[in-house]
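What follows is a set of notes on a single structure, which appears directly below.
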Amino acid sequence: MLEKRLIGVITVQDGWAVQSIGYRRHRPLGRPEVIAENLDRWGVDEILLLCIDRDAHGGGPDLALLDRICRRGLSTPLVYAGGVRSVEDGVRAVQAGAERIGIDALLHDDPHLAAALAEPLGAQALVAVLPLSVQGGALAWLDHRSRRSTPLPQQLLDVLASGAISEVLLVDWQHEGVHGGFDERLLSLWPMPTLPLIAFGGLSEPAQLRGVLERPNVVAAAVGNFLNHREHAVQRLKQSLAGLPLRAPTHAPLDPARAWS
């Protein structure tokens with residue numbers, strides 16, 4: 001696996017890709033499979049398919065959507081998150097084409113199921129999705145179904161420390177969709193310095209991304225809305241991050257003077 005990765009995020013609601021702002025407002029973008037095909041062609045290192053309504057509705061993983069995307073013949077690894085409530089759900093998502101799965105609501109309801117999921121899939125296939133904020137100088141963990149935030153429970157930290165999870169997707173949900181909004185205090189306050197982190201939420205500008213990716217425990221930065229705002233956004237970001245161990249852009253190099261103009 002690459003030392004540092006740029007992940008393209010596709011947020012899905014009711015089967016459609018949406019622009020998500022602060023876990024509250026959503027604007028339609030189009031068909032997820034088309035956006036996945038674009039991200040694959042543009043050279044992101046991984047694609048995260050984040051189906052935000054599956055946990056609340058209890059519908060299980062969106063296997064039909066996974067099938068449509070995988071039929072496109074993508075070469076980029078695919079992570080699926082949304083509606084995974086059991087070992088069976090996780091296995092079905094991987095069988096449908098996901099290389100890895102993200103778990104969110106399951107960690108609130110029964111965090112020890114993560115260890116059971118790791119048995120058939122392997123810990124390398126599991127990513128913990130944690131929407132966090134800073135409240136009173138400490139981390140608070142959001143349950144998006146109830147909209148309530150609570151301190152990180154010891155039970156969750158014990159599961160993360162057990163090795164059942166390969167990486168944590170640390171989501172700044174309050175600044176999701178806000179240009180340059182990512183709160184780096186989330187990384188500084190994270191209590192497990194050896195657990196690999198993926199930063200997500202409000203990451204858009206090269207200087208900000210560089211600062212995040214230079215942290216030793218951050219193995220990837222995930223970008224969603226902002227990759228759809230500018231033509232050649234992936235290539236421009238990667239060129240602007242020259243010197244970091246990222247896979248090179250797949251298209252012809254752009255003029256550096258125009259890399260982020």
Side-chain angles (χ1 to χ4, degrees), residues 1-5 7 9 45-52 54-56 58-63 66 77-133 138-146 148-173 186-187 189-201 215-222:
M1 183 177 288
L2 295 169
E3 185 177 354
K4 302 284 183 176
R5 311 188 314 275
I7 299 174
V9 181
D45 302 308
E46 201 165 30
I47 296 171
L48 169 61
L49 189 64
L50 192 59
C51 294
I52 59 175
R54 305 298 291 191
D55 287 323
D62 192 339
L63 302 178
L66 267 173
L78 180 66
V79 183
Y80 174 84
V84 176
R85 307 158 300 176
S86 64
V87 174
E88 292 75 18
D89 283 342
V91 170
R92 288 162 60 211
V94 170
Q95 289 174 339
E99 184 166 307
R100 302 200 291 163
I101 60 171
I103 52 177
D104 182 351
L106 179 148
L107 290 172
H108 285 279
D109 298 339
D110 189 356
H112 291 294
L113 260 181
L117 264 170
E119 289 185 13
L121 300 179
Q124 76 282 353
L126 297 184
V127 178
V129 179
L130 303 183
L132 300 178
S133 61
L139 293 178
W141 180 30
L142 175 73
D143 186 333
H144 63 87
R145 298 167 298 180
S146 65
R148 292 181 62 250
S149 291
T150 57
L152 291 172
Q154 188 60 48
Q155 187 180 34
L156 171 67
L157 297 176
D158 289 344
V159 168
L160 296 177
S162 73
I165 300 288
S166 65
E167 296 175 345
V168 170
L169 179 71
L170 193 156
V171 184
D172 182 355
W173 66 270
L186 299 175
L187 301 173
L189 291 169
W190 179 251
M192 306 178 71
T194 61
L195 187 61
L197 299 179
I198 304 167
F200 175 49
R215 290 177 178 253
N217 61 331
V218 176
V219 296

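Only heavy atoms go into these numbers, but all of them, side chains included; no hydrogens, no water, no symmetry mates.
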Side chains of residues 152-161: which donor-acceptor pairs under 3.5 Å do they make with residues two or more places apart or in other chains?
{"unit_1": "Gln154", "atom_1": "NE2", "unit_2": "Asp158", "atom_2": "OD1", "d": "2.8"}
{"unit_1": "Gln155", "atom_1": "NE2", "unit_2": "His112", "atom_2": "NE2", "d": "3.3"}

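Using a 4.5 Å cut-off on side-chain heavy atoms (C-beta onward), Val79 and Leu169 make no contact. The side-chain heavy atoms of Pro131 and Trp141, taken from C-beta on, include a pair separated by under 4.5 Å.
Ser166 contributes a side-chain N or O that, together with a main-chain N or O of Leu126, makes up a donor-acceptor pair within less than 3.5 Å. Here the side chain of Tyr80 pairs a donor or acceptor atom with the backbone of Asp62 at under 3.5 angstrom. Judged by distance alone, with hydrogens and angles left aside, the side-chain atoms of Lys4 form a donor-acceptor pair with the main-chain N or O of Val218 at under 3.5 Å.
Each of Leu195, Leu186, Leu130 was checked for a side-chain contact (heavy atoms from CB on, under 4.5 Å) with Leu170, and the lone residue meeting it is Leu186.
Atom CD1 of Ile101 and atom CG of Asp89 lie 8.5 Å apart (nearest 0.5 Å). One finds the CD1 atom of Ile103 at 8.5 Å from the CG atom of Leu113 (value rounded to the nearest 0.5 Å). Distance CD1/Ile198 to CD1/Ile7: 4.0 Å, rounded to 0.5 Å. For the atom pair CG of Leu132 and CG of Leu189, the computed distance is 10.0 Å after rounding to the nearest 0.5 Å. A distance of 11.0 Å separates CD in Glu99 from CD1 in Ile47, rounded to the nearest 0.5 Å.
With salt bridges taken as basic N to acidic carboxylate O contacts below 4.0 Å, one links Asp109 and Arg145.
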